[in-house]
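Step one of this worksheet: look at the structure below.
This chain uses plain numbering: 1 for the first residue, then up along the sequence.
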Amino acid sequence: MTIDQRVKQLTKTDVFFGVFGTGLANMLFLTKDSYLIEAYPPFWFWSCYQRMAKSIGVKSIVLKSRG
């Protein structure tokens with residue numbers, strides 16, 4: 001996919017699921033009222049993507065593994 005195609009796909013996405021990492025920065029192309037679902041490994045949590053989601057109007061949900 002080209003970059004333009006990927007951006008178009010993300011603008012039409014209602015739910016964006018991913019494991020904590022830099023790929024979640026692609027949420028910048030989501031529309032307001034989309035959902036970010038972020039999975040974390042055990043013993044790790046950093047809220048940077050939840051804060052980013054809140055600032056652009058995307059709802060976020062965190063799933064944390066128990067290990």
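- With a 6.0 Å cutoff to the six-membered ring centre and a 45° limit on the axis angle, Lys59 counts as a cation-pi contact of Tyr35.
- Counting heavy atoms from C-beta outward, Ile37 and Leu63 have side chains that approach closer than 4.5 Å.
- With contacts defined as side-chain heavy-atom distances shorter than 4.5 Å, the pair Leu36/Phe17 does not qualify.
- With a 4.5 Å cut-off on side-chain heavy atoms, Pro42 and Ser65 count as touching.
- For the pair Phe16/Val58, no side-chain contact is recorded, criterion being any heavy-atom separation below 4.5 Å from C-beta on.
- Side chain of Tyr49 to main chain of Gly21: a donor-acceptor pair is present (N/O by atom type, distance under 3.5 Å, no hydrogens or angles).
- No path of Ile, Leu, Val, Met, Phe, Trp and Tyr side chains, each step under 4.5 Å between heavy atoms, connects Val7 with Met1, placing them in separate hydrophobic clusters.
- Side chains of Gln50 and Phe45 form a contact here, defined as non-hydrogen atoms less than 4.5 Å apart.
- Rounded to the nearest 0.5 angstrom, Lys12 NZ and Ser34 OG are separated by 13.5 Å.
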* In sequence, state the C-alpha distance, the side-chain angles, and the governing distance for Ile56 and Met27, and then conclude on side-chain contact (heavy atoms from CB on, under 4.5 Å). => CA-CA 9 Å; Ile56 62 173; Met27 83 168 90; 4.0 Å; yes
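- For the atom pair OG of Ser60 and CD of Glu38, the computed distance is 7.5 Å after rounding to the nearest 0.5 Å.
- Connection of Trp44 to Val62 is established within a shared hydrophobic cluster, with ILVMFWY side chains joined at heavy-atom distances below 4.5 Å, either directly or through further cluster members.
- If you take CG on Leu30 and OG1 on Thr11, they are separated by 9.0 Å, rounding to the nearest 0.5 Å.
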* **Candidate pair Leu28 and Met52, rule side-chain contact (heavy atoms from CB on, under 4.5 Å), full reasoning** => CA-CA 8 Å; Leu28 292 172; Met52 185 188 307; 3.8 Å; yes
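- For residues 14-30, the set of pairs meeting the side-chain hydrogen bond (donor to acceptor under 3.5 Å, both in side chains) definition, not counting sequence neighbours, is empty.
- Phe20 and Tyr40 have parallel rings, their planes meeting at less than 30° on a 0 to 90° scale where 60° marks the start of perpendicular.
- Counting non-hydrogen atoms of neighbouring residues, nucleotides and ligands closer than 6.0 angstrom, the NZ atom of Lys64 exceeds 12 such neighbours.
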